[in-house]
There are 2 protein chains.
Amino acid sequence: MRLLLVEDDDQVAETVTASLTAVGFLVERARDGREAWFMGDTEPYVAAILDLGLPSLDGLSVLRQWRAAGQRLPVLILSARGDWTERVEGIEAGADDYLPKPFRLEELLARVQALVRRAAGQPAPVLVHGPFRLDTRRQTLSRDGLAIHLSPQEYRLVSYLMQQAGRVVSQQELTEQLYAQDFERDSNSVEVLVGRVRRKLGAGLIQTRRGFGYLIETDDDSHAS
Amino acid sequence: MRLLLVEDDDQVAETVTASLTAVGFLVERARDGREAWFMGDTEPYVAAILDLGLPSLDGLSVLRQWRAAGQRLPVLILSARGDWTERVEGIEAGADDYLPKPFRLEELLARVQALVRRAAGQPAPVLVHGPFRLDTRRQTLSRDGLAIHLSPQEYRLVSYLMQQAGRVVSQQELTEQLYAQDFERDSNSVEVLVGRVRRKLGAGLIQTRRGFGYLIETDDDSHAS
DNA sequence: AGCACCCTGACAAAAGGCTGACAGCCCTCG
DNA sequence: CGAGGGCTGTCAGCCTTTTGTCAGGGTGCT
């Protein structure tokens with residue numbers, strides 16, 4: 001799942017990126033306000049982490065512009081000056097959460113994950129679909145209690161589709177979620193990935209909607225009979 | 001597991017650090033309030049020991065500021081004046097425990113360990129996984145009742161992983177928990193450490209989730225059959 | 001049939017993780 | 001004080017797994 005990190009300080013950006021990556025996010029970074037605005041308006045991120053002190057265009061302005069343009073991307077604001085007025089301003093500008101610097105990485109992680117879950121309406125750490133169980137703590141998928149080994153990329157694919165269960169997800173969207181933005185778009189890597197997953201899980205779980213994308217049914221629908 | 005010790009007196013700090021280190025904690029020290037506040041807000045400690053009489057920013061204020069910022073780090077307060085009002089103040093400021101000076105080192109140890117266990121939602125001082133028993137009181141690991149010698153660092157690794165049983169722990173997180181903040185992040189020391197532990201305990205206990213991190217299963221799952 | 005899509009097996013590059021060897025450090029013991 | 005031994009981080013080499021690419025073959029719709 002792609003995250004946008006807007007942060008001008010290299011040091012901070014690196015640390016934050018590392019921890020977010022470690023828990024499975026694909027992090028892309030903007031260094032200044034203009035870049036941030038453009039990326040956020042263009043690319044489909046699941047959430048953005050927005051530092052307020054930025055060159056070229058202030059963080060709050062970026063946020064306001066996004067909101068003005070109807071962009072509903074969940075935004076977590078980071079701010080060095082943790083004062084009261086700024087927090088209010090942030091919330092008013094349309095932020096979803098606010099974290100004063102300095103912060104602990106765990107807290108950032110927790111909040112980002114909360115944000116993403118809230119946005120996805122998916123609070124469960126274990127996603128179930130028929131005989132399949134995706135355990136996000138163990139980062140493990142099992143069928144009928146038997147663990148099935150998935151590579152990181154395969155895991156991300158299944159995880160994303162299960163989080164979006166019941167919705168058709170286009171190849172384009174998957175490419176965007178699984179790969180960095182500068183990735184060659186005209187390769188069939190998603191197809192290959194889906195193929196590999198199917199070989200492991202059987203053809204039933206991930207359905208193809210020819211011309212539209214891929215789909216994992218919601219648990220109820222698939223077992224209604 | 002990293003602990004923050006906030007204490008201005010060198011003598012006391014040294015003694016306390018020595019005993020905590022001896023039972024497997026990695027202790028980092030702050031000498032005054034500002035430093036304490038910053039470290040506690042920035043680094044991922046499992047708990048803090050907070051002396052109240054401090055230069056530059058009073059201990060209670062530090063605590064209040066942490067709490068105001070949503071920092072839930074477990075805190076044990078140390079105080080020279082063991083009077084009633086101060087104790088109440090401490091608890092009200094958000095402390096988790098309170099220990100009047102002078103205290104016996106054993107008592108401090110016991111309380112800190114209790115604090116950490118409570119915070120981890122792990123009431124048991126003895127963690128069991130299959131034939132392995134980790135006794136956090138004696139800091140010993142045994143298999144089938146036979147003690148296995150672990151070096152301090154090895155013990156910390158196993159201990160952390162067992163406390164997080166059932167969860168994949170990334171190398172990054174392990175590095176943060178096992179090494180002090182200024183540690184070179186791009187070495188393979190964690191891998192080496194894991195290797196050493198496995199040589200002593202066998203390959204079964206610590207699983208590798210390639211691309212994700214390491215994992216010790218919960219006892220139940222591993223012996224369900 | 002024709003076309004756009006999708007699947008699959010093979011391959012090679014790259015990443016991730018493991019291991020043995022080694023060196024620095026510290027402690028203990030004689 | 002010096003020798004020996006344990007602990008630990010670093011490094012280089014090795015092996016395995018992962019993953020993007022490509023070419024060729026299906027599949028379903030019009």
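Proteins get letters first, then strands, A, B, ... in listed order; numbering begins at 1 in each.
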Any donor-acceptor N or O pair under 3.5 Å, side chains [X], [Y]:
X	Y	result
B:Gln113	B:Arg111	no
A:Thr208	A:Arg198	yes
B:Thr218	A:Arg138	yes
B:Glu176	B:Gln172	yes

d([atom1], [X]; [atom2], [N]) in whole Å:
X	N	atom1	atom2	answer
B:Leu157	D:dG9	CG	C1'	15 Å
A:Glu191	C:dA10	CD	P	18 Å
A:Arg209	D:dT27	CZ	C1'	16 Å
B:Lys200	C:dT19	NZ	P	15 Å
A:Leu150	D:dT19	CG	P	10 Å
B:Asn188	D:dT8	CG	C1'	12 Å
B:Leu215	C:dG17	CG	P	14 Å
B:Tyr155	D:dT8	OH	P	14 Å

Considering only NZ, NE, NH1 and NH2 on the basic side and carboxylate oxygens on the acidic side, decide whether [X] and [Y] come within less than 4.0 Å.
X	Y	result
A:Asp144	A:Arg133	no
A:Arg167	A:Glu173	yes
A:Arg29	A:Glu7	no
B:Glu154	B:Arg196	no

OP1 or OP2 of [N] sitting under 4.0 Å from any side-chain N/O of [X]?
X	N	result
B:Ser187	D:dT10	yes
B:Gln171	C:dG16	no
A:Tyr179	D:dG20	yes

field: DNA chain C: 5'-proximal contact among B:Phe212 and B:Arg199 (nearest heavy atom)
entry: B:Phe212

message: Taking the nucleotide of DNA chain C with the nearest heavy atom to each, does A:Thr208 or B:Gly211 sit closer to the 5' end?
response: A:Thr208

query: How far does the helix from C:dA1-D:dT30 to C:dG30-D:dC1 bend, going by the axes of its first and last five pairs, to the nearest 10°?
result: 30°

field: Sugar-phosphate, base or nothing in reach of B:Tyr214, heavy atoms under 4.0 Å
entry: sugar-phosphate

query: What does B:Val192 touch in the nucleic acid at a heavy-atom separation under 4.0 angstrom: a base, only the sugar-phosphate, or nothing?
result: base

statement: Checking B:Asp8, B:Asp51, B:Asp10 against B:Arg31 for salt bridge (Lys or Arg N to Asp or Glu O under 4.0 Å), the one that qualifies is B:Asp10

Which atoms of nucleotides 22-26 of chain C (N or O only) lie under 3.5 Å from a protein N or O atom, and what are those distances?
none

Quiz item: cation-pi between B:Arg143 and B:Phe132, 6.0 Å / 45°: no

message: Looking at A:His129 and A:Met162, would you say the former's side chain and the latter's main chain have a donor-acceptor pair under 3.5 Å?
response: no

- prompt: Nearest to the side chain of B:Arg198 - D:dT8, C:dC7, C:dC18?
  reply: C:dC18

message: For a side-chain contact (heavy atoms from CB on, under 4.5 Å) check, start with the C-alpha distance between A:Leu193 and A:Gln153, then their side-chain angles and the critical distance, and finish with the verdict.
response: CA-CA 8 Å; A:Leu193 195 58; A:Gln153 199 71 322; 3.7 Å; yes

Write down the protein N/O and nucleotide N/O pairs, taken from nucleotides 14-17 of chain D, whose separation is under 3.5 Å; answer none if there are no such pairs.
{"unit_1": "D:dT16", "atom_1": "O2", "unit_2": "B:Arg210", "atom_2": "NH2", "d": "2.9"}

